[in-house]
There are 2 protein chains.
Amino acid sequence: MALDRQRDEPRRNTCDDIAVSTRIRLARNLADHPFPDRMSDEQAEEILEKVSGLFQPLDAGARFHTVRLTRENRLKARVLVENHLISPEFAGSDRPHGVILSEARGISVMVGEEDHIRIQTIGPGLCLEERMQEAQRVDEIIDGGLLYAFDGDFGYLTSCPTNLGTALRASVMLHLPALTESGAIREIVTAVGKMGLAVRGLYGEGSQVQGALYQVSNQTTLGLTESEIIDRVTAVVERIVEQERALRTRFKTQRPARFQDRVWRAWGLLSHARLLSGEDAMRLLSDLRWGVAEGELPPMPMTRLNDLLRDIQPGVLANAAGRALDAGARDAARAGAVRAALTAT
Amino acid sequence: MALDRQRDEPRRNTCDDIAVSTRIRLARNLADHPFPDRMSDEQAEEILEKVSGLFQPLDAGARFHTVRLTRENRLKARVLVENHLISPEFAGSDRPHGVILSEARGISVMVGEEDHIRIQTIGPGLCLEERMQEAQRVDEIIDGGLLYAFDGDFGYLTSCPTNLGTALRASVMLHLPALTESGAIREIVTAVGKMGLAVRGLYGEGSQVQGALYQVSNQTTLGLTESEIIDRVTAVVERIVEQERALRTRFKTQRPARFQDRVWRAWGLLSHARLLSGEDAMRLLSDLRWGVAEGELPPMPMTRLNDLLRDIQPGVLANAAGRALDAGARDAARAGAVRAALTAT
């Protein structure tokens, strides 16, 4: 099934309006090395050197580079978190840690996270197979030079037993404004939970979910193959997308003026405001995305809206400004970034 | 003083950003006729005929026309109220009543109001002398054909003793967003009250004043000449305008980003919303006017903003649509009227 879908490329794009991005994460640990929670700083340093070394030969093509994360470059770490390239826990770690990056391709290899190594690939839309293949290629690079901690019964050994087996987390970020607005998202969270998957608000929880952005991911890593996990996540995502679409149609047809007003107000505010709080921006960008997806607002590439979700985050804004920003300056910079993106042609 | 100002024309325009409009009202009753509260319908009808007849010879130039207000044309009456050409009480009267109009010149003569005759002239900006002269010309037309109830001591006799004397009400509509926002308007209301003048919210009262629009008018009609009344109202208006200006400057300089954000948001919403409640529209148009007046928003004639205050009222909207509008249709029509006005070049 997975292969079928891959050949049938157009299908991938049919839900890019709702599926914001796809992420694959593989957890790996090295044999003959203490697990991270028992490692000395020297040993952590040694593993970072070894893994990074494997990507050195590939450096010539400028495909990978290593960033050591220290207390001095917390802003860099924050930007990587906001780009979804590293985890917040990893960014805050106090031991030697670093990430091997190929940013343009959405590939990151965290060394010194909860596990020795976490391979992550991310890309726009719903593209689990492609991201999985990419992750597997990175996995092979490391596997070719270092010995993984692997057990015939338990598969890849991980720090936390919930990751044993495939040590794979496949997740898709979905934009679900209609399900959120109607409250139907609650039933979906429950139903999906019973299938061994989780639906979580990306920013905030429960009714406080900002921007109507959710992450759907597998919770089970053991007892299923990688393909089975990916098929299962894909099937659930497609089902949620269908339900979101049905509800969107209902909103649009039952109260067209109210829908139009909502999305045009978002457009008007985002393209004119001089100050935007993070919360305001997330809420309005959600309405804007909804309006663009439904063809009510002027057409705009979804990738630009995806980029905006990232570009309005505090670290990215400070990085772009080249200086620390207080709340007022940050809100002004955020409004400026949004206006620039919306008026770009 | 009044004459000086008249010759010094440019001064008139210096506060058109804050002074929305000026209105003069003269109350008159006819001698040898019972006062309105004792009149029969036949007598009311007779007075309407007589006054209307005085303006017939002038009809050739299409300068005046008479509108009889009946139960059947309540919408017409409502539109006239929203145009500030007749009073709400007059519109709702059950006895024979009508108004002689020269709409283009802002002149109306209500026959059958609280007094037999109420002459009213209205125009944009601060222009008390001009409107007074216009009202006096109309007054002379009537005075030339009918005998007014006039007393050597009490002046013009009116139904309500508070109008005795000159029977003149001179009022100026002011847009006072900064005084409203800061709360300083409360002190002004008190101070002006002690000078025999009143400051009243045009739409709503107290902190509920919509659109930050206030009417400043004389409360005393007896014991002062017309010129003295007009000078006094002018002086008070100019003082309020000064205070509003000083506060506006403070808002702009102390928190420039907040001011800019506020007025640009109003612009963005007004030029994009598909539904606008009356309250929303008044609030946003107030911010818009403030932004245009301070040169923060793209330039726009103040008269267009004045017209919008009228064009978003329920009666005017229904009249333009040619049919009764339910709340949803009215909000949609209001949003459409605002968008059209803001995108007009």
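All values reported here derive from a predicted model rather than from experimental measurement. No hydrogens, no waters, no symmetry mates; every other heavy atom, side chains included, goes into these values. In what follows, chains are A, B, ... by sequence order, proteins preceding strands, each numbered from 1.
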Closest non-hydrogen atom pair between Leu275(A) and Asp261(B), with its separation: N-OD1, 2.8 Å

When the 4.5 angstrom heavy-atom criterion is applied to Ala332(A) and chain B, the contacting part is neither

What part of Leu270(A) gets within 4.5 angstrom of chain B, counting heavy atoms only: side chain, backbone, both, or neither? neither

If you measure from CZ on Arg274(A) to CZ on Arg258(B), what distance do you get to the nearest 0.5 Å? 15.0 Å

Heavy-atom closest contact (His272(B) atom, Trp264(A) atom, distance): O-CB, 3.1 Å

Within 6.0 Å of CZ in Arg74(A), more than 12 heavy atoms from elsewhere: yes

Quick check: are there more than 12 heavy atoms from other residues, nucleotides or ligands sitting under 6.0 Å from CZ of Arg310(B)? yes

Give me each pair satisfying salt bridge (Lys or Arg N to Asp or Glu O under 4.0 Å) with a member in residues 316-332 of chain A, each pair once, sequence neighbours excluded. Asp331(A)-Arg334(A)

Check whether more than 12 heavy atoms from other residues, nucleotides or ligands sit under 6.0 Å from atom CD of Glu187(A), and answer yes or no. no

Side chain from CB out, backbone as N, CA, C, O: work out which of these in Ala257(B) comes under 4.5 Å of a heavy atom of chain A, or both, or neither. both

Residues in residues 77-85 of chain A that sit under 4.5 Å from chain B, counting heavy atoms only: none

